[in-house]
Asker: 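Pasting in a structure now, in structure tokens, and then I'll have a few things to ask.
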Amino acid sequence: MIPLNKYIKEYIFSSISVNKKCSPMSSAPGMTASNHSSVSHTVFHLLGIPGLEDQHMWISIPFFISYVIALLGNSLLIFIIFMERSLHEPMYLFLCMLAGADLVLSTCTVPQALAIFWFNMKEISLDRCITQLFFIHSTFISESGILLMMAFDRYIAICYPLRYTTILTHTLIGKIGVIAFLRSYCTIFPIIFLLKRLTFCQNNVIPHTYCEHIGLAKYACNDIRVNIWYGFSILMLTVVLDVLLIFVSYILILHAVFHIPSQDARHKALNTCGSHVCIIILFYGPGIFTILTQRFGCHIPPHIHILLANVCMLASPMLNPIIYGIKTKQIWEQVAHVLFIKQK
């Protein structure tokens with residue numbers, strides 16, 4: 001999986017050893033180096049899911065259904081939050097940002113995969129490949145930052161309920177949102193230049209459905225240690241830092257909740273965090289699971305790792321609007337009003 005999967009697996013383990021004995025990609029087609037050449041590849045070939053080429057049409061069905069659900073669910077969520085003034089509260093505004101990031105994240109990967117599955121369109125130019133990985137990585141970091149903002153929102157709502165609206169004003173929310181997106185795009189932007197400086201004279205066949213940073217850089221004949229360590233630094237200073245801060249915020253939230261004397265108030269406070277906790281688990285959980293399978297599952301075939309990577313890219317965008325739609329009464333009421341308007 002690109003985010004937690006590719007970054008940690010490739011950035012940490014690639015920096016330790018170039019010849020990874022336990023990497024599923026090391027035995028994939030097109031990974032052996034050819035003789036160095038002064039010619040740099042400008043076109044690459046995405047294989048889709050190697051080993052399951054004859055099943056691509058069947059695999060495309062759940063991909064397509066999940067993508068349609070993600071598009072409709074997140075678009076509906078954004079529309080409802082924008083149109084309903086009662087939902088112009090911090091929690092829903094952050095949720096609107098999350099839905100927008102989910103739309104970008106799924107659109108960066110799934111159409112490319114469907115083009116491979118349906119039309120055998122495997123060729124991708126170097127510039128297009130770099131553009132795709134730029135938006136995938138930056139959107140993932142943005143989404144991680146939004147989850148951190150949502151944890152901060154729940155912390156203020158539970159620990160300082162009387163000051164909630166005065167602290168989280170629309171102006172502050174806008175500034176925090178801009179900072180989160182600038183952080184992601186500014187940290188990923190140098191990767192464009194780190195990749196453009198490379199000469200891609202090795203095999204140009206990528207055993208995956210989309211491009212990612214180190215997955216592309218390892219085809220270069222140049223030294224890519226700068227790419228590895230820069231990517232690892234970004235991971236530690238963004239995603240890992242976000243996870244740690246989210247963890248700390250929930251420790252403080254739980255400490256405050258269990259000091260509430262009323263059991264009903266305690267239950268209500270915990271219930272307001274339920275949807276956010278589900279999304280956190282959904283976003284980070286599959287990545288951690290994939291890392292473990294790649295680190296300790298040497299016997300697992302490469303196509304399983306690639307399938308897991310794609311599932312991780314689709315699960316969060318598809319399920320986030322469903323989770324919030326079911327667990328949040330105000331959103332569910334508005335969805336029901338939009339979709340099932342009673343006839344007079």
Side-chain angles (χ1 to χ4, degrees), residues 1-7 46 48-49 56 58-82 94-119 121 124 128-147 150 177 180-181 184-185 188 206 208-213 215 238-239 242 275-276 278-287 289-290 305-326 331 335:
M1 141 186 173
I2 156 217
L4 243 26
N5 160 17
K6 285 291 183 185
Y7 270 8
L46 295 167
I49 304 178
H56 275 179
W58 292 107
I59 295 172
S60 70
I61 296 175
F63 270 63
F64 177 72
I65 294 174
S66 300
Y67 183 53
V68 170
I69 293 173
L71 282 181
L72 294 178
N74 288 290
S75 299
L76 181 61
L77 200 58
I78 294 172
F79 173 77
I80 288 173
I81 293 173
F82 264 106
F94 288 135
L95 179 58
C96 187
M97 295 180 194
L98 185 69
D102 281 336
L103 282 175
V104 175
L105 190 63
S106 56
T107 302
C108 284
T109 55
V110 182
Q112 174 72 55
L114 292 177
I116 296 172
F117 297 155
W118 289 346
F119 309 110
M121 296 174 60
I124 184 170
R128 189 166 146 230
C129 190
I130 293 175
T131 302
Q132 183 187 43
L133 68 87
F134 170 79
F135 281 105
I136 290 174
H137 288 279
S138 59
T139 305
F140 181 80
I141 293 175
S142 296
E143 192 155 345
S144 179
I146 295 168
L147 289 178
M150 295 173 79
F181 285 106
S184 63
Y185 289 113
I188 297 298
I206 303 175
H208 215 302
T209 58
Y210 55 81
C211 299
E212 57 86 27
H213 179 200
T238 55
V239 177
D242 291 345
S275 301
H276 185 236
C278 290
I279 288 179
I280 289 173
I281 295 172
L282 185 64
F283 186 72
Y284 295 111
F289 174 76
T290 308
H305 293 281
I306 298 174
L307 279 173
L308 281 173
N310 282 279
V311 167
C312 292
M313 296 294 287
L314 267 175
S316 182
M318 179 184 68
L319 296 177
N320 283 354
I322 296 175
I323 291 173
Y324 263 95
I326 292 175
I331 292 179
V335 170

Asker: Please identify each residue that fulfils disulfide bond (SG atoms under 2.5 Å apart) with C108, with sequence neighbours left out.
Answerer: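 Testing C108 for disulfide bond (SG atoms under 2.5 Å apart), a comparison that skips the adjacent residues, returns none.
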Asker: Looking at every non-hydrogen atom in both residues, tell me the closest pair between S66 and P62 and how far apart they are.
Answerer: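 For S66 and P62, the tightest heavy-atom pair comes out as OG-O, 2.8 Å.
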Asker: So, the side chain of T139 versus the backbone of I136: is there a donor-acceptor pair under 3.5 Å, distance only?
Answerer: no
Asker: Evaluate side-chain contact (heavy atoms from CB on, under 4.5 Å) for L147 paired with D242, printing each intermediate quantity in order.
Answerer: CA-CA 8 Å; L147 289 178; D242 291 345; over 6 Å; no
Asker: Can you name the nearest heavy-atom pair linking I306 to N310, along with the distance?
Answerer: O-ND2, 2.8 Å
Asker: Are the side chains of M121 and I116 in contact, using a 4.5 Å heavy-atom criterion?
Answerer: no
Asker: Show the nearest heavy-atom pair for residues L46 and T209, with the distance to one decimal.
Answerer: CD1-O, 3.8 Å
Asker: Please tell me whether S142 and S184 have a donor and an acceptor in their side chains that are separated by less than 3.5 angstrom.
Answerer: yes
Asker: How about I281 and Y284: do any of their side-chain heavy atoms sit closer than 4.5 Å?
Answerer: no
Asker: Taking side chain as C-beta onward, heavy atoms only, is I49 less than 4.5 Å from H305?
Answerer: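 SC-SC contact between I49 and H305 ruled out.
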Asker: Would you check if F283 and F140 make a side-chain contact, meaning some heavy-atom pair closer than 4.5 Å?
Answerer: yes
Asker: Any idea which heavy atoms bring I78 and C96 closest together, and the distance?
Answerer: CG2-SG, 3.9 Å
Asker: What distance do L95 atom CG and I146 atom CD1 have between them, rounded to the nearest 0.5 Å?
Answerer: 10.0 Å
Asker: Going by heavy atoms in the side chains, are I124 and C211 under 4.5 Å from each other?
Answerer: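 They are in contact (side-chain heavy atoms under 4.5 Å apart), so the answer is yes.
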Asker: Quick one: does L105's side chain get under 4.5 Å of F135's, heavy atoms only?
Answerer: no
Asker: If only atom types and distance count, is the side chain of Q112 paired as donor or acceptor with the main-chain N or O of Y210 below 3.5 Å?
Answerer: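 Such a contact is absent between Q112 side chain and Y210 backbone.
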Asker: Taking side-chain hydrogen bond (donor to acceptor under 3.5 Å, both in side chains) as the cut-off, I'd like each qualifying pair that reaches into residues 67-76, sequence neighbours left out, listed once.
Answerer: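 Listed once each, the pairs are Y67-T107.
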Asker: Flag the pair E143 / V104 as yes when at least one side-chain heavy-atom distance between them is below 4.5 Å, and no otherwise.
Answerer: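 Result no, sub-4.5 Å side-chain heavy-atom pair not found.
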Asker: Please list, chain by chain and in numerical order, all residues satisfying ring pair (Phe, Tyr, Trp, His ring centres under 6.0 Å) with F82, sequence neighbours excluded.
Answerer: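 Per chain and number, F82 pairs via ring pair (Phe, Tyr, Trp, His ring centres under 6.0 Å) with no residue.
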Asker: Say you draw a straight line from CG of N320 to NE2 of H276; how long is it, rounded to the nearest 0.5 Å?
Answerer: 10.0 Å
Asker: Quick one: CD1 on I141 to CD1 on I188, what's the gap to the nearest 0.5 Å?
Answerer: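 Reported value, rounded in 0.5 Å steps: 3.5 Å.
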Asker: Let me confirm one number: the CG-OG distance from L282 to S275, rounded to the nearest 0.5 Å.
Answerer: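 So the CG of L282 and the OG of S275 are separated by 12.0 Å.
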Asker: Say you draw a straight line from OH of Y324 to CG of L77; how long is it, rounded to the nearest 0.5 Å?
Answerer: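 That separation rounds to 9.5 Å.
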Asker: I'd like to check L114 versus F119 (side-chain heavy atoms, cut-off strictly below 4.5 Å). Are they in contact?
Answerer: no
Asker: Under the side-chain contact (heavy atoms from CB on, under 4.5 Å) rule, what do I322 and I69 come out as? Steps first, then yes or no, please.
Answerer: CA-CA 9 Å; I322 296 175; I69 293 173; 4.2 Å; yes
Asker: Parallel, tilted or perpendicular: which one describes the rings of F134 and Y185, with boundaries at 30° and 60°?
Answerer: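 If you compare the ring of F134 with that of Y185, the planes turn out tilted.
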Asker: Which word best sums up how the rings of F64 and W118 line up, parallel for under 30°, tilted for 30 to 60°, or perpendicular for over 60°?
Answerer: tilted
Asker: Taking it one step at a time, do L314 and T109 satisfy side-chain contact (heavy atoms from CB on, under 4.5 Å)?
Answerer: CA-CA 9 Å; L314 267 175; T109 55; 5.9 Å; no
Asker: Say whether, by atom type as modelled, one donor and one acceptor occur between the side chain of H213 and the main chain of L133 under 3.5 angstrom.
Answerer: no
